[in-house]
A.B. asks: 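Handing you this structure, nothing more for now.
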Number of protein chains: 2
Amino acid sequence: MPPYDLSAFPPFAVTVDLVVLTVRRHALCALAVRRGEPPYQGRWALPGGFVRADEDLEAAAARELAEETGLHAHPTGPPPANGAHLEQLATYGDPKRDPRMRVVSVAHLVLAPDLPAPRAGGDARSVRWAPVDALLAPETGLVRDEEQTAPLAFDHARILADGVERARSKIEYSSLATAFCPQEFTVGELRRVYEAVWGVALDPRNFHRKVTGTPGFLVPTGGTTTRQGGRPAQLFRAGGATVLNPPMLRPEI
Amino acid sequence: MPPYDLSAFPPFAVTVDLVVLTVRRHALCALAVRRGEPPYQGRWALPGGFVRADEDLEAAAARELAEETGLHAHPTGPPPANGAHLEQLATYGDPKRDPRMRVVSVAHLVLAPDLPAPRAGGDARSVRWAPVDALLAPETGLVRDEEQTAPLAFDHARILADGVERARSKIEYSSLATAFCPQEFTVGELRRVYEAVWGVALDPRNFHRKVTGTPGFLVPTGGTTTRQGGRPAQLFRAGGATVLNPPMLRPEI
DNA sequence: AGAATAGTGTCTATGAGACAGTATGAG
DNA sequence: CTCATACTGTCTCATAGACACTATTCT
């Protein structure tokens with residue numbers, strides 16, 4: 001078969017799916033949308049959609065993100081405003097992953113601060129933040145939830161699990177945990193992000209020493225806040241450093 | 001636009017491209033094929049090809065690898081025979097990356113030991129191992145090479161650079177460097193893999209202490225070899241461990 | 001006062017880097 | 001013999017983890 005014989009390749013549909021993560025009420029949550037049509041009608045799924053004919057993959061992901069949440073993503077570089085971090089996650093192309101046609105989905109990972117309202121374009125009942133534990137619970141539904149969310153449609157549970165694992169490992173050796181925080185945040189708030197994403201408790205004193213001692217990780221803004229109660233805490237912005245060396249260590253077990 | 005309106009999505013061609021890396025003569029090398037047709041006729045490119053209509057992405061990558069090199073890949077799990085490590089790398093979908101049509105390429109990374117002959121299916125002049133430094137050299141060709149290899153066709157320089165960076169970082173925290181070694185190897189041979197991939201010199205004594213002291217990384221086979229000269233060295237196989245904790249530290253600078 | 005959170009200091013165990021010194025082969 | 005490589009041991013410094021202690025607010 002000569003390469004690029006224009007009649008010799010099978011046609012594919014290409015979509016982007018989004019794993020949008022945030023930390024709400026001390027829990028790692030993902031954005032889920034309810035499917036209005038078959039297949040998997042009524043089930044929860046990851047947001048996503050078709051890549052347009054002249055659109056880059058990353059642009060398609062940013063467009064879908066804006067349509068679903070109103071969030072503006074900055075694929076690389078530091079957060080200028082209240083933007084979200086966006087990166088490509090992986091591509092899923094099992095021939096049977098969609099029962100109707102051959103669809104290859106390029107999944108993207110988005111890390112966003114909590115504050116933005118969950119939606120901007122759709123209707124309120126069809127999009128929500130759900131704890132990833134509930135979305136990934138075994139199909140018997142062991143997790144008590146006001147509304148059953150698992151199992152996700154298609155192979156989206158696998159995609160979500162891959163995205164969560166990527167986020168868990170990336171905050172070890174990068175400063176990406178700050179993408180879950182508002183523009184100004186305290187050391188304690190950053191620690192609660194780590195605790196929620198990793199699902200562990202960290203020693204506040206050692207954590208404080210570690211993050212404030214890593215050059216370029218945090219930049220003090222001069223302000224303080226008491227929004228967490230207790231003694232006023234310094235406010236910080238994310239510094240220019242993107243990689244942490246040495247990394248944050250995720251406690252074993 | 002209703003989702004999955006079968007007439008509402010633009011058609012894409014989906015390909016797999018392969019970044020096949022090995023260590024030869026103390027240098028990190030990648031597999032390159034010479035293009036026989038336009039565009040970029042006569043230029044070097046990464047091996048790859050179309051994904052078939054009912055073929056998984058990983059299966060397509062393994063098939064292309066076997067067609068180009070005769071290597072058999074085992075996507076996950078330990079090397080049973082002289083297989084190569086294969087994993088998905090990233091997906092490239094710039095609308096203009098191929099001048100003729102919309103092509104989305106799912107790049108895969110392959111790490112292989114040196115021994116296998118460079119090719120099995122094509123003709124000898126159209127496929128070769130080339131040092132990644134030469135393939136990624138600036139277009140002015142600062143690297144002296146018997147035959148100019150850079151710049152690669154399409155966006156393959158970017159793909160190769162991403163694959164090399166992935167390999168460089170993965171051998172820090174995983175036992176994947178053993179994928180570059182034959183089934184049985186010495187500590188010194190493993191060290192030369194690290195030195196070639198990272199492009200640095202490592203202290204042989206500290207390296208020996210580190211790798212032999214990490215549980216599950218190396219399993220002694222009982223044999224010895226003098227193929228490197230000097231005092232006979234113990235032979236090892238790769239152990240069951242896949243992640244290294246604590247990781248190998250890549251020297252700075 | 002008591003509770004809650006922020007922040008500092010101190011000790012210890014672990015591991016990386018530097019490097020002395022010994023072991024065992026090939027020529 | 002020399003040379004090359006393999007391997008062991010020892011010292012020092014950096015840092016993670018454990019945890020005592022102080023600081024500053026709110027109720």
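We name chains A, B, ... by the order of the sequence lines, and we start the count at 1 in each one. Fair warning: this is a prediction, and the values are worked out from it, not measured in the lab.
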A.B. asks: Mapping B:P251 and B:G229 to their closest nucleotides on DNA chain C, which lands nearer the 5' end?
C.D. replies: B:P251

A.B. asks: Rounded to the nearest Å, what distance is computed from the CZ atom of residue A:F236 to the P atom of nucleotide C:dA6?
C.D. replies: 11 Å

A.B. asks: For the residue pair A:F207 and A:Y194, is the inter-centroid distance of their aromatic rings smaller than 6.0 Å?
C.D. replies: yes

A.B. asks: Whole-Å distance between C:dG15 P and B:R250 CZ?
C.D. replies: 22 Å

A.B. asks: Does A:R227 reach a base, just sugar-phosphate, or nothing at all? Heavy atoms under 4.0 Å.
C.D. replies: nothing

A.B. asks: For the residue pair B:W129 and B:L31, establish whether any side-chain heavy-atom pair is separated by less than 4.5 Å.
C.D. replies: yes

A.B. asks: Any side-chain heavy-atom pair from A:M248 and A:I171 closer than 4.5 angstrom?
C.D. replies: no

A.B. asks: Rounded to the nearest Å, what distance is computed from the CZ atom of residue A:F185 to the C1' atom of nucleotide C:dA6?
C.D. replies: 16 Å

A.B. asks: Can you tell me how far C1' of D:dT5 sits from CG of B:L190, to the nearest Å?
C.D. replies: 16 Å

A.B. asks: May I ask you to evaluate whether B:Q234 reaches the phosphate of D:dC7, defined as a side-chain N or O under 4.0 Å from OP1 or OP2?
C.D. replies: yes

A.B. asks: So, for A:E58 and A:L86, which heavy atoms are closest and what is the spacing to 0.1 Å?
C.D. replies: CG-CD2, 3.7 Å

A.B. asks: In whole angstrom, what separates A:N245's CG from D:dA16's P?
C.D. replies: 11 Å

A.B. asks: Verify the contact: side-chain N or O of A:R231 to OP1 or OP2 of C:dA3, cut-off strictly under 4.0 Å; return yes or no.
C.D. replies: no

A.B. asks: Check DNA chain C against residues 207-217 of chain B and give the residues with a non-hydrogen atom under 4.0 Å, in numerical order.
C.D. replies: B:R209, B:K210

A.B. asks: Can you identify which nucleotide, out of C:dA6, D:dA16, C:dG17, has its nearest atom closest to the B:L249 side chain?
C.D. replies: C:dG17

A.B. asks: From C-beta outward on A:P246, which listed nucleotide comes closest to its side chain: D:dT25, D:dA16, C:dT8?
C.D. replies: D:dA16

A.B. asks: When you measure from the side chain of A:H156 to the backbone N and O of A:L46, does any donor-acceptor pair fall under 3.5 Å?
C.D. replies: yes

A.B. asks: Which of the following nucleotides, C:dA6, C:dC19, D:dA16, is nearest to the side chain of B:D203?
C.D. replies: C:dC19

A.B. asks: Quick check for you: among C:dG9, D:dC7, D:dT25, whose closest atom lies nearest to any side-chain atom of A:R205?
C.D. replies: C:dG9

A.B. asks: Of B:R191 and A:G230, whose nearest nucleotide on DNA chain D comes first from the 5' end?
C.D. replies: B:R191

A.B. asks: For residues B:V19 and B:H108, determine if any side-chain heavy atom of one lies less than 4.5 Å from a side-chain heavy atom of the other.
C.D. replies: no

A.B. asks: Which residue in the set A:R250, A:K170, A:R158 passes salt bridge (charged side-chain N to carboxylate O under 4.0 Å, His left out) when paired with A:E165?
C.D. replies: A:R250

A.B. asks: Look at the side chain of B:N206 and decide which nucleotide, out of C:dG15, C:dG17, D:dG17, has an atom nearest to it.
C.D. replies: C:dG17

